[in-house]
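Proteins come first, then strands; the chains are lettered A, B, ... in the order of their sequence lines, and each starts at number 1.
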Protein chains: 4
Amino acid sequence: MATSSKRNIKENSIIDAAEKVFSRQGFANTKMEDVAKALGMSKGTIYFYFSSKENLYMAITYRAFQALIDTFYESVSATKDESGLEGLVGLMKSFIAFSEENFLYSEAMLDFISFVRSTSEGSLDGKITDAMKESSYYERVKDIQNIPINIFLKEIERGRNDGSILNKQKPELIYLYAWAGVLGFVKLNSTSGKKTTILKVEISDWRNYIISSTRTLLRDANA
Amino acid sequence: MATSSKRNIKENSIIDAAEKVFSRQGFANTKMEDVAKALGMSKGTIYFYFSSKENLYMAITYRAFQALIDTFYESVSATKDESGLEGLVGLMKSFIAFSEENFLYSEAMLDFISFVRSTSEGSLDGKITDAMKESSYYERVKDIQNIPINIFLKEIERGRNDGSILNKQKPELIYLYAWAGVLGFVKLNSTSGKKTTILKVEISDWRNYIISSTRTLLRDANA
Amino acid sequence: MATSSKRNIKENSIIDAAEKVFSRQGFANTKMEDVAKALGMSKGTIYFYFSSKENLYMAITYRAFQALIDTFYESVSATKDESGLEGLVGLMKSFIAFSEENFLYSEAMLDFISFVRSTSEGSLDGKITDAMKESSYYERVKDIQNIPINIFLKEIERGRNDGSILNKQKPELIYLYAWAGVLGFVKLNSTSGKKTTILKVEISDWRNYIISSTRTLLRDANA
Amino acid sequence: MATSSKRNIKENSIIDAAEKVFSRQGFANTKMEDVAKALGMSKGTIYFYFSSKENLYMAITYRAFQALIDTFYESVSATKDESGLEGLVGLMKSFIAFSEENFLYSEAMLDFISFVRSTSEGSLDGKITDAMKESSYYERVKDIQNIPINIFLKEIERGRNDGSILNKQKPELIYLYAWAGVLGFVKLNSTSGKKTTILKVEISDWRNYIISSTRTLLRDANA
DNA sequence: TATGAATGAGAGTTCATTCAT
DNA sequence: AATGAATGAACTCTCATTCAT
């Protein structure tokens, strides 16, 4: 445990640094050298902990899912005394905040699902496929990727049971719609630095509108 | 004029090929060599017409905006006898179809606005900035980038005037919300190859739900 | 033809240089950079002509077999009026001289047959296998690898027919025995630089003994 | 002595493991890590006992010569009541069997003599030279490298004295000829895995032919 | 205009060796 | 004695871009 946790600490510090550098420069524009420099260590050391750049990214992806799961559980717990609708609204708020604060995580999760979708059919480039799949984190991520979705679906069910959600669409569809809206929101805002407006719209107004639309749509039995 | 149009023809054939190759393999995974091969010409020739890979991408971006503008005008024209709400719904349908059929265009437009947003503050990597801005297409794209938005906004106005749209939000906000939803939709579906479902949801159901939500939200005075 | 031969000239000049550098430093100890420097060109240019270091080595291997074949044909032609035994002796002399003058060729041919033997059973390391087999020269070499052997075997047959060779062993066995002797001879002499003795034995005496043993064994009906 | 022998035991177990791994994968393809893993110890520990990878290989080389010497002595002892010719034939049989069973030893001995020959003139790469010579085993090997040769030569002398060997060539030359034949034999058979034929020739036939040729040549006063 | 050739600055990865404990 | 970490120089191969003709 002692040894193992020491190693874990180091691994985590590497992931920490990698997150920062990838966030700033993007995955493709970042050399392993950059990550090493940010840590004051040598490239070789990073490879001692992570077998490849892809694997390092996968580790970040794993963190991303874990963090989202934590965020979701916290949200659910905070709204457990309110209606299911408010539970869902809480999830949406959390999701938006999470995605804005961790754009890299948002990208990583998207990359992952794109990757999984693409490879389940054998398209895409062979080498990337292998590099990804050989990552020790790949399976781990696969194991937890659906947890956020399930949390979301459960809240929909709760809202239907308590009558706060009248929308009759398939829960998964509602999730996809919500996810897409959040994804588009952060994509359009990304690399915006400290900007607070886009197209003369206050980003906070947009954020609020996503929430209010969610309410509107969930309450509407015909939506 | 004669020379110029000859040149234009050549340029367009290069863009045609580049679109195909980029669509298939993605921009980053495509070498200039690949584009040249697809054209049966040499790399050098491409550089005779396009100063850089970025510039070529910018040319595609320009086409993307042009194509979207055409699509939007056609939609507006096709629904000019219907209500403003239906005009907007028509735009949404067109937008979705356009994005699905031209994922590369969708990406290019997103890249462009991300780029513009990022550079107006001087963040991002220096080299890309220069390469992009030196592109002869850069200014051209800047000139037309807002036309789709304006078309969209005009339909909202029309809908408000004819009473079919009761939603009181700022038109730009409605546009952003719509754009984000479509963007998320295609992003989550991209690289899906021939898949027709995601998370057990029929993609066509999702598409329909985007439309019906649009109607719901636009009609709702409190949304 | 003009273009093609120009390219061929360049390719050959690269192979020329590579031969020299590999001969001096060995394949493994030579960087592509070294070959490039020897040519006064850049690494990239070499990769323009040869897809990999392995492929360059394969090109050398191809040359090696071609050169041996030429040498054998010349020898056969020079001894066509003598007995089959003398024909074979001539081949041996040629073989020895060839191997001494072109140690790299000797090594390359040995590597090739070792490689072929090893892969026909699927042993060896996967990556090397692929790199080798992807070489455009691989198939070419396969096509000609047996020609020297066949020339050798034909001379044995001729010698049996004219009564100069009485040895009754399987021709292939005689070839293997001869090959092994020559191989061992050059291996033990390799990297000897300008040395003329080994173990106080004059190399020329050794060379002569190989020849005389060949005669002795071929003439002997009981050997 | 106690400490020293403890150390010796450890050293030997490392050499044991290294032999296995080098035999399987070859020296160049083996990482120190692989050897460590095979031993269940760390790389650092290996470096505690062996100053370098080369040094470890030198230790193996030393073993190789020792083992060959043992083998030769045993053979001589087993044939001491037979003629000198049969003694030599026995040595050849042993040599062949030894080389086939210990291909790594065969390679190591060849590398050693190539190395010695090359450095006595200062050719070859500087770094390897230093690494080799700094090896504590280097001198040890030098001290015993000629023993197998001397054993061989003594048997020739014995054969001449008892009249069983009529061949008048310099003994060292006979040794070189024999060594080369065996070396070529194992080289051509190496990496052949479990193959029992080469060029449609049974390897056992080849083996037998080497022996019978030896007899033929040694008996022949004019060879 | 067009092309084949050439360039050269990387980029990821490897691994023998060293070091701190 | 032993180990896990750390190092950093190599090394192959890539590819946008440029150049000479």
Side-chain angles (χ1 to χ4, degrees), chain A residues 2-4 6-7 10-11 14 28-36 39-56 127 131, chain B residues 3 6-7 10 28-36 39-56 127 131, chain C residues 2-4 6-7 10-11 14 28-36 39-56 127 131, chain D residues 3 6-7 10 28-36 39-56 127 131:
Chain A
T3 332
S4 146
K6 222 180 200 173
R7 184 178 176 110
K10 210 68 190 252
E11 277 183 11
I14 293 174
N29 291 322
T30 301
K31 322 172 211 177
M32 288 302 255
E33 181 80 39
D34 296 338
V35 179
L39 281 157
M41 60 171 50
S42 73
K43 260 188 300 182
T45 305
I46 296 181
Y47 277 92
F48 181 75
Y49 290 95
F50 295 91
S51 60
S52 70
K53 198 183 173 192
E54 299 286 339
N55 194 15
L56 182 51
K127 272 177 295 181
Chain B
T3 336
K6 221 182 204 171
R7 180 175 179 112
K10 220 41 189 279
N29 291 324
T30 301
K31 314 171 211 174
M32 288 300 259
E33 183 70 41
D34 296 337
V35 179
L39 279 157
M41 62 169 53
S42 73
K43 263 190 294 185
T45 307
I46 297 181
Y47 277 92
F48 181 79
Y49 291 97
F50 295 91
S51 61
S52 71
K53 200 185 172 190
E54 301 288 339
N55 191 17
L56 182 52
K127 273 177 294 178
Chain C
T3 331
S4 147
K6 222 182 201 170
R7 182 177 178 113
K10 209 66 189 251
E11 276 182 12
I14 293 174
N29 291 323
T30 302
K31 325 172 210 177
M32 287 301 255
E33 182 79 41
D34 296 338
V35 179
L39 280 157
M41 59 170 55
S42 73
K43 257 187 302 180
T45 305
I46 295 180
Y47 278 93
F48 182 75
Y49 290 96
F50 295 92
S51 60
S52 70
K53 199 184 171 189
E54 298 286 340
N55 193 17
L56 181 52
K127 271 176 295 180
Chain D
T3 336
K6 220 182 205 173
R7 181 176 178 111
K10 216 50 192 268
N29 291 325
T30 301
K31 312 171 212 174
M32 289 301 258
E33 182 70 42
D34 296 337
V35 179
L39 279 158
M41 61 170 53
S42 73
K43 262 188 294 182
T45 306
I46 297 180
Y47 276 91
F48 182 79
Y49 291 96
F50 295 92
S51 60
S52 70
K53 199 184 172 191
E54 301 288 340
N55 192 16
L56 182 51
K127 273 177 295 181

Grab the CG-P distance between A/L56 and E/dT13 for me, whole Å please. 10 Å
Shortest non-hydrogen contact from C/K43 to C/E33? CE-OE1, 3.2 Å
Would one find a side-chain N or O of D/K53 under 4.0 angstrom from OP1 or OP2 of E/dC15? no
Between C1' on F/dT14 and CG on C/N55, what's the gap in Å once rounded to a whole number? 16 Å
For A/K53, the salt bridge (charged side-chain N to carboxylate O under 4.0 Å, His left out) test, sequence neighbours excluded, returns none
What's the closest nucleotide to the side chain of C/K10 if the choices are E/dA6, E/dA11, F/dT17? E/dA6
A/K6 NZ - F/dT3 C1' separation (whole Å): 11 Å
Can you tell me if A/R7 touches the phosphate of F/dG4, counting only side-chain N or O atoms and a distance under 4.0 Å to OP1 or OP2? no
Scanning both residues in full, the closest heavy-atom pair of B/N29 with B/D34 reads O-OD2, 4.1 Å
Taking DNA chain F as the partner, which of residues 40-48 of chain B come within under 4.0 angstrom of it by heavy atom? B/K43, B/Y47
With sequence neighbours excluded, residues passing salt bridge (charged side-chain N to carboxylate O under 4.0 Å, His left out) with B/K10: none
How long is the line joining OH of C/Y49 and P of F/dC13, in whole Å? 18 Å
Separation of F/dG4 C1' from D/M32 CE (nearest whole Å): 16 Å
Between D/T30 and A/A28, name the one whose nearest nucleotide on DNA chain E is closer to the 5' end. A/A28
Rounded to whole Å, the CG-P distance (D/N29 to E/dT14) equals 14 Å
Taking distance alone, no hydrogens or angles, what donor-acceptor pairs closer than 3.5 Å link side-chain atoms of residues 44-52 of chain C to residues at least two apart or in another chain?
unit_1	atom_1	unit_2	atom_2	d
C/T45	OG1	C/S42	OG	3.1
C/S51	OG	C/N55	ND2	3.1
C/S52	OG	C/E54	N	3.4
C/S52	OG	C/N55	N	3.0

In chain order, what residues pass the side-chain hydrogen bond (donor to acceptor under 3.5 Å, both in side chains) check against C/E11, with sequence neighbours excluded? C/R7
Gap between atoms CD and C1', on A/E11 and F/dG4 respectively (whole Å): 13 Å
For DNA chain F, what is the dot-bracket line, given that a base pair needs Watson-Crick (N1 to N3, plus N6-O4 or O6-N4) or G-U wobble (N1-O2 and O6-N3) geometry with both distances under 3.5 Å, and | means paired with another strand? .||||||||||||||||||||
D/S51 near the nucleic acid: base, sugar-phosphate alone, or nothing, with a heavy-atom cut-off under 4.0 Å? nothing
Could you tell me the separation between the NZ atom of B/K31 and the C1' atom of F/dT17, rounded to a whole number of Å? 15 Å
